**Q** 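The structure under discussion is supplied below as C-alpha cells; questions concerning it will follow.
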Amino acid sequence: MDLRQAIVQRVQGKEDSELTDIIESSIGAEEMALPGLGVLFEIIWKNSTEAARKKMVSVLQKQLPPRHA
C-alpha cells in the first residue's frame, strides 16, 4: 500500500467533524503530518471547480509573505 492509499483509508467513512479534527490537528503539527495534508488537498483540488481553485490560489497568495530579492 502506498502513502496516498494509506491516508485515504485513514479518512474513509469519517464524519465531517472527524475530518475537521484530523485536518485541524495536522495543521501546525510535526512535519510528518504534511504529506497527509498534501494528499487531502490533492483530493480537494481534483474535485473543485475552476472558480474554487482560483479562490484557493488567491487565499494562498494573500497569505504568503512577500518575496524579498
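Since this is a predicted model, take the numbers as computed values, not measurements.
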**Q** Which pairs, with at least one residue in residues 41-61 and sequence neighbours excluded, count as a ring-ring contact (aromatic ring centres under 6.0 Å, His included)?
**A** F41-W45

**Q** Atom CG in L40, atom CZ in R4: separation rounded to 0.5 Å?
**A** 11.5 Å

**Q** Sequence neighbours excluded and cut-off under 3.5 Å, please list the side-chain donor-acceptor pairs for residues 26-39, or say none.
**A**
residue: S26; atom: OG; partner: I22; partner atom: O; Å: 2.8

**Q** Hydrophobic cluster mates of L64, side-chain heavy atoms under 4.5 angstrom, ILVMFWY only, any path?
**A** L60

**Q** Does any pair with a residue in residues 4-36 pass ring-ring contact (aromatic ring centres under 6.0 Å, His included), and if so which ones, sequence neighbours excluded?
**A** none

**Q** With clusters defined by side-chain heavy atoms of hydrophobic residues (ILVMFWY) lying less than 4.5 Å apart, directly or transitively, does I44 cluster with L3?
**A** no

**Q** Write out all pairs satisfying side-chain hydrogen bond (donor to acceptor under 3.5 Å, both in side chains) with one or both partners inside residues 47-62, taking only residues at least two apart or from two chains.
**A** none

**Q** Enumerate, atom names and distances included, each donor-acceptor pair closer than 3.5 Å involving a side-chain atom of residues 5-21, sequence neighbours excluded.
**A**
residue: Q5; atom: OE1; partner: D2; partner atom: N; Å: 3.1
residue: E18; atom: OE1; partner: E15; partner atom: N; Å: 2.6
residue: T20; atom: OG1; partner: D16; partner atom: O; Å: 3.0

